[in-house]
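This is the structure I want to talk about, given as structure tokens.
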There are 2 protein chains.
Amino acid sequence: LNQTIADSAGAVVDSSAACVFKICGLNGTELAQRLVPLVLVEGTRLSVLDNFPDLTLRLELPAPDKESLERLRDQVRALVGSYIYAEADRTLEEIVGALLLKKKHTLALAESCTGGYISHRITRISGSSVYYYGGVVSYSNDAKVLFLGVKRETLERHGAVSRETALEMAKGIRERTGATIGLSVTGVAGPGGGSTEKPVGTVWISTDSPIDHEARRFAFDGERERIISAASQAALDWLRRCLL
Amino acid sequence: LNQTIADSAGAVVDSSAACVFKICGLNGTELAQRLVPLVLVEGTRLSVLDNFPDLTLRLELPAPDKESLERLRDQVRALVGSYIYAEADRTLEEIVGALLLKKKHTLALAESCTGGYISHRITRISGSSVYYYGGVVSYSNDAKVLFLGVKRETLERHGAVSRETALEMAKGIRERTGATIGLSVTGVAGPGGGSTEKPVGTVWISTDSPIDHEARRFAFDGERERIISAASQAALDWLRRCLL
């Protein structure tokens with residue numbers, strides 16, 4: 001990864017004085033709690049940018065010092081672990097793209113509540129056509145049946161927002177396209193469409209690949225755009241973890 | 001349409017003193033040229049916000065005056081015409097959504113170079129599931145054949161970025177889904193993939209509906225994200241014009 005370090009004003013800083021971590025899956029408070037045991041050299045500057053759904057952690061030593069910086073990075077890695085998705089100013093879709101390319105995987109998407117936003121994030125990256133087959137925005141039940149082969153019975157019995165539908169969507173897109181990984185998202189982005197059992201923010205994400213076929217339920221807060229953004233981030237992060 | 005007028009600092013202004021026009025399909029210079037003949041009451045403030053790919057034109061009289069404001073609006077309508085897509089602070093996807101709903105149409109999308117971004121814009125709007133069936137992101141040739149029924153021969157003879165492919169994509173998505181309108185986009189978002197004949201920024205957009213089946217070629221400038229944004233705007237604007 002190409003490491004570019006900028007200070008808070010955007011000026012480039014000696015890369016033996018500063019480092020950046022991109023983090024997802026934690027909020028600002030959770031990150032702060034994890035960083036409590038951190039031992040800092042006097043004069044070190046620590047900043048967290050909470051740019052939802054991403055966190056950017058920057059650490060800057062008072063002077064360049066390769067060894068101290070490496071010790072600091074090791075501490076952060078031990079405390080934050082796999083929530084770190086990059087040690088440079090990269091986006092999650094760039095990291096996922098690089099992993100798909102490296103592992104020679106191809107991806108196909110089946111999106112409902114995210115409405116094409118994950119596909120947009122993937123295709124923002126130039127060269128994504130090498131690993132991205134394409135996908136389906138199955139915004140209606142008919143689209144889930146027609147393009148993904150989801151069974152009408154599954155939709156009637158469990159609903160469009162369910163483990164069963166998410167699993168069939170991921171399997172359907174993978175089988176039909178021949179991609180090595182199928183990823184699906186189905187949920188309630190709101191503000192309408194929620195119920196006691198499946199409130200607004202309920203999202204099922206599923207992957208289908210040669211090694212697993214799983215689904216997980218997530219519960220996101222906030223407005224429609226925030227739920228779509230959070231769901232896209234969770235889906236891409238799951239994909240990243242599958243590829244590690 | 002719900003008319004909310006804010007001054008440049010965001011404060012709400014008497015709606016008989018100010019008005020807003022949202023404009024697309026013109027750049028700032030083209031708009032300025034069209035506005036040259038405008039006759040303004042002394043003290044009127046005119047501002048243009050160029051928030052690509054949108055322009056927002058605001059006009060504010062020195063004091064509330066319903067009649068003068070209506071004359072001013074009439075002048076703007078005459079000079080700018082159908083490039084005005086809203087007379088309030090609305091997005092193009094909101095306007096298109098409201099038109100689809102009003103005209104009882106359903107929409108299905110077939111996106112290549114825009115990679116799901118149009119679908120994302122449509123589904124940002126809450127309630128879009130009433131008029132949006134869903135769509136296909138046919139990022140590979142295989143996806144165009146599998147999900148849209150584009151002929152291999154068309155792709156080989158004319159290429160993925162061509163009038164013929166765009167027409168088959170729009171027809172394919174409409175026929176397969178039963179939506180009343182099919183909209184397709186295929187182009188070169190760059191930075192790679194361009195040629196002398198089809199440089200980066202070449203985009204074909206096609207619609208298929210009970211009343212027409214057309215394709216048009218566009219040439220956009222700039223970086224990948226700007227081309228994707230411009231193509232999504234042109235496609236939504238075409239849809240708006242079809243629905244008027």
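All heavy atoms count here, side chains included; hydrogens, waters and symmetry mates do not. Chain identifiers are assigned alphabetically (A, B, ...) following the order of the sequence lines, protein sequences preceding nucleic acid strands; residue numbering begins at 1 within each chain.
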Review point. Taking B:Ser138, B:Ala143, B:Cys113 one by one, which has the highest count of heavy-atom pairs under 4.5 Å against chain A?
Key: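 Maximum pair count with chain A is reached by B:Ala143.
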Point to revise | Residue selection (most heavy-atom pairs with chain B, distance under 4.5 Å) from A:Arg121, A:Arg124, A:Glu225 | key: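 Highest number of pairs under 4.5 Å: A:Arg124.
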Review point. With a 6.0 Å cut-off on ring centres, are A:Tyr139 and B:Tyr133 close enough?
Key: no
Point to revise | Over 12 foreign heavy atoms within 6.0 Å of NZ, A:Lys198 | key: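 It does: A:Lys198 NZ has more than 12 such atoms within range.
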Practice item. Give, as side chain, backbone, both or neither, the part of B:Ile173 having an atom under 4.5 angstrom from any heavy atom of chain A. Key: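 The answer is the side chain of B:Ile173.
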Review point. To the nearest 0.5 Å, how far apart are CG in A:Leu146 and OG1 in B:Thr177?
Key: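 A:Leu146 atom CG to B:Thr177 atom OG1 measures 7.5 Å (nearest 0.5 Å).
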Review point. Which bit of B:Arg224 comes within less than 4.5 Å of chain A, counting heavy atoms only: side chain, backbone, both or neither?
Key: side chain
Practice item. Count the heavy atoms belonging to other residues, nucleotides or ligands that lie under 6.0 Å from CZ of A:Arg216, then report whether that count exceeds 12. Key: no
Exercise for review: Please say whether more than 12 non-hydrogen atoms of neighbouring residues, nucleotides or ligands are located less than 6.0 Å from CZ in A:Arg157.
Suggested key: no
**Study point:** Option in B:Gly134, B:Ser140, B:Ala108 with maximal non-hydrogen atom pairs under 4.5 Å from chain A
**Key:** B:Ser140
Check your understanding: Can you tell me how far NE2 of B:His120 sits from OG of A:Ser119, rounded to the nearest 0.5 angstrom?
Key -> 11.5 Å
Review point. How about B:Asp212: does its CG atom have over 12 heavy atoms from other parts shown lying under 6.0 Å from it?
Key: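 Correct, the count exceeds 12.
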Practice item. Considering non-hydrogen atoms only, spot the tightest contact between A:Gly190 and B:Ser126 and give its length. Key: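 In this case the closest contact between A:Gly190 and B:Ser126 is O-CB, 4.2 Å.
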Point to revise | Residues, nucleotides or ligands: over 12 heavy atoms within 6.0 Å of A:Arg226 CZ | key: no
Practice item. Take B:Tyr117 and A:Thr123 through the test side-chain contact (heavy atoms from CB on, under 4.5 Å) and record every step on the way to the result. Key: CA-CA 9 Å; B:Tyr117 187 57; A:Thr123 58; over 6 Å; no
